[in-house]
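Below is one structure, written out as structure tokens, with a few remarks after it.
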Amino acid sequence: MPPRTPRPVDKFDDDDYPAYTMGRAAEMIGTAPAFLRALGEHRLITPLRSEGGHRRYSRYQLRIAARARELVDAGTPIEAACRIIILEDQLEEAQRINEDLRTRDATS
């Protein structure tokens, strides 16, 4: 999933900054690195790569991975969990656009 907002000046405030290694990311969400690789294979998240080719994850990507883990832990197949999250994201974006259009029409 692409970054949602323009990048802040400070990397510490940037949810899209790829600050976490695969091992640290897996530890943070309580899963194995293979789970993160599977999310990448299903195109739910695409980690950036370091100069050495290692995967690096952002806080935003970790929130998505944690949501996927919740669904999988509840018995949802990983393919379905990825699709659900993508659809949730698309719905949220559509609702945001709808609200912007309503606001714009109300002020016109």
How many angstroms lie between [atom1] in [X] and [atom2] in [Y], if you round to the nearest 0.5 Å?
X   : Y   : atom1 : atom2 : value
Y57 : D16 : OH    : CG    : 15.0 Å
I84 : T76 : CD1   : OG1   : 5.0 Å
I86 : L91 : CD1   : CG    : 14.0 Å
M28 : T21 : CE    : OG1   : 10.0 Å
D73 : T31 : CG    : OG1   : 7.5 Å
E79 : E41 : CD    : CD    : 10.5 Å

- Those residues at least two apart in sequence (or on a different chain) that pass side chain to side chain contact (heavy atoms under 4.5 Å, CB included) with S58 are Y60, Q61
Heavy-atom closest contact ([X] atom, [Y] atom, distance):
X   : Y   : value
A65 : F35 : O-CE2, 3.8 Å
A68 : A81 : O-CB, 4.3 Å
A26 : A32 : CB-C, 3.9 Å

- Task: Check whether any side-chain heavy atom of H54 lies under 4.5 Å from a side-chain heavy atom of M22, and answer yes or no.
- Result: no
- Message: I'd like to check the side-chain hydrogen bond (donor to acceptor under 3.5 Å, both in side chains) partners of R24; sequence neighbours left out, ordered by chain and number.
- Response: E27
- Note on the structure: For R59, the side-chain hydrogen bond (donor to acceptor under 3.5 Å, both in side chains) test, sequence neighbours excluded, returns D15
- Task: Let me see the working for R55 and L36 under side chain to side chain contact (heavy atoms under 4.5 Å, CB included), right down to the final yes or no.
- Result: CA-CA 10 Å; R55 292 173 179 90; L36 293 172; over 6 Å; no
- Task: Start with the C-alpha distance between L39 and I78, add both sets of side-chain angles, then the distance that settles side chain to side chain contact (heavy atoms under 4.5 Å, CB included), and finish with yes or no.
- Result: CA-CA 8 Å; L39 296 180; I78 194 166; 4.0 Å; yes
- Item | Test item: R56 side-chain N/O and A19 main-chain N/O as donor-acceptor pair under 3.5 Å | yes
- Task: State whether the side chain of R69 and the backbone N or O of I29 hold a donor-acceptor pair below 3.5 Å, judged by distance alone.
- Result: yes
With sequence neighbours excluded, residues passing salt bridge (Lys or Arg N to Asp or Glu O under 4.0 Å) with [X]:
X   : answer
R67 : E70, E88
R96 : E92, E93
E51 : none

